[in-house]
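As a basis for the values below, the full set of heavy atoms in this structure was taken, side chains included, without hydrogen atoms, waters or symmetry mates. Everything quoted here is computed from the prediction, not taken from an experiment. Start at 1 with the first residue, then count along the sequence.
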Amino acid sequence: MAFEPDQYYIYPDLGIMVHCLFITDKSLSHKKQPIYVMEDQYGNLVAEVLDDKTCEGWHTLHEDVFIETHKRLCKTLDPNPPEPIAG
């Protein structure tokens, strides 16, 4: 499996959802390796190196589930949101 731009994914064990925004190789902090640029359900932006292990444990998610979760969380702005996914 690989993340695809404009698709949604969930890591059930951690309760994290992401929306893959795009893939790029322009990142200086990742030594110009191809990376996924994603947003989680809290609105955090996340970058992960594009490789086989990055997608382990993730499952596809229906767009409506991500959007409704995001809307609900944005209404109740958590002053201490979880840390972004570590790569």
Side-chain angles (χ1 to χ4, degrees):
M1 178 177 124
F3 294 139
E4 295 180 27
D6 206 31
Q7 297 301 309
Y8 300 83
Y9 303 92
I10 186 168
Y11 198 106
D13 293 346
L14 297 177
I16 299 294
M17 301 176 191
V18 294
H19 170 215
C20 183
L21 299 171
F22 57 92
I23 299 170
T24 185
D25 63 353
K26 306 289 187 213
S27 173
L28 297 175
S29 61
H30 289 86
K31 301 177 184 170
K32 297 194 178 188
Q33 294 178 340
I35 59 168
Y36 297 110
V37 177
M38 302 177 282
E39 62 180 336
D40 68 12
Q41 73 266 33
Y42 300 99
N44 298 311
L45 293 178
V46 181
E48 290 291 335
V49 174
L50 191 154
D51 70 21
D52 293 336
K53 291 184 179 186
T54 300
C55 300
E56 289 179 3
W58 290 92
H59 303 277
T60 57
L61 178 68
H62 195 276
E63 174 182 4
D64 293 341
V65 175
F66 181 91
I67 291 171
E68 289 304 315
T69 302
H70 177 71
K71 285 179 182 177
R72 182 176 46 81
L73 292 170
C74 286
K75 287 181 183 175
T76 59
L77 297 173
D78 184 352
N80 299 306
E83 292 295 318
I85 301 167

Hey, what do you get for OG1 (T69) to CG (L61), rounding to the nearest 0.5 Å?
7.5 Å

Enter the distance from F66:CZ to K71:NZ here, rounded to the nearest 0.5 Å.
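So the gap between those two atoms works out to 12.0 Å.
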
Using the rule that Ile, Leu, Val, Met, Phe, Trp and Tyr join whenever any side-chain heavy atoms are under 4.5 Å apart, tell me whether [X] and [Y] fall into a single cluster.
| X | Y | result |
| --- | --- | --- |
| W58 | M17 | no |
| L14 | V46 | yes |
| M38 | L50 | yes |
| F3 | Y11 | yes |
| I23 | V18 | yes |

Can you name the side-chain contact (heavy atoms from CB on, under 4.5 Å) partners of [X], sequence neighbours left out?
| X | result |
| --- | --- |
| D51 | V49, K53, T54 |
| D64 | H62 |
| V37 | L21, F22, T24, I35 |
| T60 | Y9 |

Kindly indicate whether the side chain of C74, heavy atoms from C-beta on, has any atom under 4.5 Å from the side chain of Y42.
no

Side-chain contact test, heavy atoms from C-beta onward, threshold under 4.5 Å: evaluate it for I16 versus Q41 and give yes or no.
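They are in contact (side-chain heavy atoms under 4.5 Å apart), so the answer is yes.
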
Would you please name every residue forming a salt bridge (Lys or Arg N to Asp or Glu O under 4.0 Å) with E63, sequence neighbours left out?
none

For a side-chain contact (heavy atoms from CB on, under 4.5 Å) check, start with the C-alpha distance between C55 and Y36, then their side-chain angles and the critical distance, and finish with the verdict.
CA-CA 10 Å; C55 300; Y36 297 110; 3.8 Å; yes

Going by the rule side chain to side chain donor-acceptor pair (under 3.5 Å), which residues pair with D6 if we only count those two or more places apart in sequence or in a different chain?
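Side chain to side chain donor-acceptor pair (under 3.5 Å) list for D6, sorted by chain: H19.
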
Hey, is the main chain of I10 close enough, under 3.5 Å, to the side chain of H59 for a donor-acceptor pair?
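It does not hold such a pair.
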
Tracing side-chain links under 4.5 Å among I, L, V, M, F, W and Y, which residues wind up in one group with L28?
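Listed partners: none, L28 stands alone.
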
Can you name the closest pair of heavy atoms from P12 and G57 and give their distance?
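Where P12 meets G57 most closely, the heavy atoms are CD-O, 3.7 Å.
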
